[in-house]
Amino acid sequence: LSMERGAFVGRESELKGLDGIISQAASGGDQVVLVSGEPGIGNSSLVTEAVSRAKVLGFAVASGAASKESMQPLGAKFGPSSTREALEGS
């Protein structure tokens with residue numbers, strides 16, 4: 001059984017901005033992204049799509065998720081040193 005991910009719908013403006021950040025990272029600079037917003041508006045889907053696009057380009061991506069209790073933001077970091085820094089805890 002083959003399952004394909006559906007097309008990303010909505011949040012086109014935000015995704016375009018993230019594509020620009022990914023392009024900047026491809027030019028050699030690490031980038032840090034913070035995505036925040038009310039629950040249920042597509043924050044996780046937006047980050048998942050951006051991470052998928054970065055991985056297709058060969059980036060290592062470190063990401064995290066938020067919970068209401070932790071009050072920590074949802075974000076992802078794109079760039080060549082992301083894996084090393086994530087493992088080192090920086």
Side-chain angles (χ1 to χ4, degrees):
L1 177 67
S2 176
M3 306 258 322
E4 291 186 32
R5 213 173 87 222
F8 183 75
V9 178
R11 310 283 302 263
E12 286 83 8
S13 175
E14 294 90 344
L15 189 56
K16 184 177 179 181
L18 290 171
D19 282 341
I21 291 168
I22 293 168
S23 293
Q24 289 174 0
S27 296
D30 286 350
Q31 300 293 316
V32 176
V33 177
L34 169 68
V35 175
S36 64
E38 294 298 317
I41 64 169
N43 300 317
S44 296
S45 296
L46 179 65
V47 170
T48 298
E49 181 64 23
V51 165
S52 294
R53 291 176 181 211
K55 286 182 176 180
V56 165
L57 296 174
F59 284 104
V61 179
S63 63
S67 72
K68 187 175 182 179
E69 294 77 29
S70 72
M71 299 302 289
Q72 296 298 314
L74 175 67
K77 180 175 179 180
F78 307 104
S81 59
S82 298
T83 302
R84 176 178 41 82
E85 290 175 2
L87 293 173
E88 292 173 355
S90 57

Note: Leu18 and Ala50 closest approach over all heavy atoms is CD1-CB, 3.7 Å

If a pair satisfies salt bridge (charged side-chain N to carboxylate O under 4.0 Å, His left out) and one of its residues is in residues 31-40, list it, with sequence neighbours excluded. none

Count I, L, V, M, F, W, Y as connected when their side-chain heavy atoms are under 4.5 Å apart, and connections chain through other members. Are Val33 and Leu57 then in the same cluster? yes

Shortest non-hydrogen separation from Gly37 to Asn43 and the atoms involved: O-ND2, 3.3 Å

Strictly by salt bridge (charged side-chain N to carboxylate O under 4.0 Å, His left out), give each pair with a member in residues 16-25 just once, sequence neighbours left out. Asp19-Arg53

Closest heavy-atom contact between Arg11 and Gly42? NH1-C, 3.4 Å

